[in-house]
Protein chains: 2
Amino acid sequence: MASHAHDHEQCISEALGSAERVCAQRGARLTPLRKRVLELIWESHEAMKAYDLLDRLGQEGGSAKPPTVYRALDFLLAQGLVHRIESENAYVGCRHPERTHEFQLLICDDCRHVEEIAVSGVTEALGKHAKKQGFTVTSQTVEVHGQCPSCRDRA
Amino acid sequence: MASHAHDHEQCISEALGSAERVCAQRGARLTPLRKRVLELIWESHEAMKAYDLLDRLGQEGGSAKPPTVYRALDFLLAQGLVHRIESENAYVGCRHPERTHEFQLLICDDCRHVEEIAVSGVTEALGKHAKKQGFTVTSQTVEVHGQCPSCRDRA
DNA sequence: ATGAGTGTGTTATATTGTAACGATAATATT
DNA sequence: AATATTATCGTTACAATATAACACACTCAT
């Protein structure tokens with residue numbers, strides 16, 4: 001268990017609560033299936049893979065197949081409730097689904113813990129440089145790999 | 001054809017030349033197969049997929065199978081001769097294989113042209129932020145998606 | 001109630017990537 | 001030069017990730 005200590009029960013319930021809230025606001029339907037997938041993703045702060053979600057759903061009696069999970073993920077991504085980690089083919093919950101935002105991810109290659117950060121200036125610097133050469137930015141993927149404090153201490 | 005105008009024949013030959021050079025320096029073996037894969041990647045400045053490389057190799061008479069391509073790519077990545085584009089599962093040639101370096105990629109979602117850039121401050125800002133929270137950085141993936149000038153003009 | 005849109009189940013398949021083993025070629029050691 | 005060692009390559013099989021296409025059920029606005 002990661003020692004990024006916090007009350008994780010509360011963490012999950014806050015995440016689900018704010019998901020309900022933003023979906024209600026937008027008229028988006030957070031169905032039981034979608035909510036369950038989001039809950040599974042929030043079971044940890046680690047990168048979660050689609051087929052792991054699939055296995056978990058399968059264990060719960062249902063007959064889960066890939067499209068079930070990928071469709072739920074598509075919805076959650078569209079609502080900003082989760083982020084996709086491109087360099088891992090994995091997913092992680094987002095605490096700030098209220099509005100789209102630029103962000104960066106710190107990914108621990110030992111324990112797979114993922115931390116969402118917002119480093120001031122990064123988005124702007126990239127945007128400015130792109131603009132200077134006539135490139136119109138629509139999205140950014142910024143993923144930093146390394147070792148988190150807990151794993152470093154353990155070693 | 002992208003209108004990022006330049007003499008592409010020369011561009012390829014420079015890339016292959018510097019590949020030969022750095023491999024010779026390091027005692028790394030740029031075999032005919034590896035060189036051919038690198039050459040195929042440099043046929044354009046666009047994101048190239050592993051299975052497209054596989055098809056090209058197949059057309060040349062040989063019996064190319066996935067491990068052939070992936071092993072060549074592993075070598076080229078290890079030597080810094082190509083970069084992997086995580087958000088595309090694709091590969092692009094690198095002009096600066098002499099030493100490892102942090103870089104960012106501008107990826108046109110219309111024409112798939114990829115431009116390697118080095119925005120001053122981005123790596124440092126990310127590193128600084130990571131360090132402040134005790135995170136040790138080993139690598140960064142920075143990929144900016146959008147529309148390149150040529151595609152914007154065309155539209 | 002009905003028709004349009006949305007969500008889910010299901011089958012099948014596409015795409016991306018590796019493990020493992022043997023054959024061959026390059027390099028190093030004697 | 002002959003042999004040992006390692007690196008590279010070919011091949012088979014398969015694992016992991018993701019999507020297309022169609023059927024059916026549900027919602028809800030008319």
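No experiment lies behind these values; they were computed from the predicted model shown. Residue numbers start from 1 in every chain, and the chains themselves are labelled A, B, ... in the order their sequence lines are given, proteins ahead of strands. Every heavy atom of this structure was used, including side-chain atoms; hydrogens, water molecules and symmetry mates were not.
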Trainee: Checking all strands, does Arg34(A) fall into the base, sugar-phosphate, or nothing category for heavy-atom contacts under 4.0 angstrom?
Mentor: sugar-phosphate
Trainee: Base, sugar-phosphate alone, or nothing: which one does Arg36(A) contact when heavy atoms must sit under 4.0 Å apart?
Mentor: nothing
Trainee: Does Ser63(B) place a side-chain N or O at less than 4.0 Å from the phosphate oxygens OP1/OP2 of dG10(D)?
Mentor: no
Trainee: Does a side-chain N or O of Tyr70(A) approach OP1 or OP2 of dT8(C) to a distance below 4.0 Å, or not?
Mentor: no
Trainee: What about His83(B) and Tyr91(B), are their ring centers closer than 6.0 Å?
Mentor: no
Trainee: Output the single nucleotide from dA18(D), dT11(D), dT10(C) whose closest atom is nearest the side chain of Pro67(B).
Mentor: dT11(D)
Trainee: Is it the case that over 12 heavy atoms from other parts of the model lie below 6.0 angstrom from the CZ atom of Arg152(A)?
Mentor: no
Trainee: Please determine if a side-chain N or O atom of Lys49(B) lies less than 4.0 Å away from the OP1 or OP2 oxygen of dT15(C).
Mentor: no
Trainee: Measure the distance between the ring centre of Tyr51(B) and the centre of the six-membered base ring of dT16(C), then answer whether it is under 5.5 Å with planes under 30°.
Mentor: yes
Trainee: Using modelled atom types only, decide if a donor and an acceptor are shared between the side chain of His8(B) and the backbone of Trp42(B) within a distance under 3.5 Å.
Mentor: yes
Trainee: What integer distance in Å separates Leu54(B):CG from dT12(D):P?
Mentor: 14 Å
Trainee: May I ask you to evaluate whether Thr68(A) reaches the phosphate of dT10(C), defined as a side-chain N or O under 4.0 Å from OP1 or OP2?
Mentor: no
Trainee: Give the rounded distance in Å between these two atoms: NZ of Lys35(B) and P of dT8(D).
Mentor: 17 Å
Trainee: So, OP1 or OP2 of dT16(C): does either fall under 4.0 Å of a side-chain N or O from Arg84(B)?
Mentor: no
Trainee: At less than 4.0 Å, is any side-chain N or O atom of Tyr91(A) found next to OP1 or OP2 of dT17(D)? Yes or no.
Mentor: no
Trainee: Using heavy atoms to find the nearest nucleotide of DNA chain C for Asn89(B) and Arg29(B) separately, return the residue whose nucleotide is more 5′.
Mentor: Asn89(B)
Trainee: Figure out the CG/P separation between Leu73(A) and dT17(D), and round it to whole Å.
Mentor: 12 Å
Trainee: Taking donor-acceptor contacts at under 3.5 Å, does the side chain of Arg71(B) reach the base of dG17(C)?
Mentor: no
Trainee: Do the side chain of Glu39(B) and the main chain of Arg36(B) share a donor and acceptor less than 3.5 angstrom apart?
Mentor: no
Trainee: Can you tell me how far P of dG7(C) sits from CG of Leu30(A), to the nearest Å?
Mentor: 11 Å
Trainee: Please report the distance, rounded to the nearest Å, between CD in Glu86(B) and P in dT16(C).
Mentor: 14 Å
Trainee: Which whole-number value in Å describes the distance from Asp74(A) CG to dT6(C) C1'?
Mentor: 14 Å
Trainee: Please check if atom CD in Glu60(A) has more than 12 non-hydrogen atoms from other residues, nucleotides or ligands closer than 6.0 Å.
Mentor: yes
Trainee: Is Lys65(A) near enough to dT10(C) that one of its side-chain N or O atoms lies under 4.0 angstrom from OP1 or OP2?
Mentor: yes
Trainee: Determine the sole option in Leu73(A), Ile12(A), Leu81(A), Leu33(A) for which the side-chain contact (heavy atoms from CB on, under 4.5 Å) test with Leu38(A) is passed.
Mentor: Leu81(A)
Trainee: Checking contacts here: which listed nucleotide (dT8(C), dG17(C), dG10(D)) is nearest the side-chain heavy atoms of Leu33(B)?
Mentor: dG10(D)
Trainee: Can you tell me the distance, in whole Å, between the CG atom of Asp55(A) and the P atom of dA16(D)?
Mentor: 10 Å
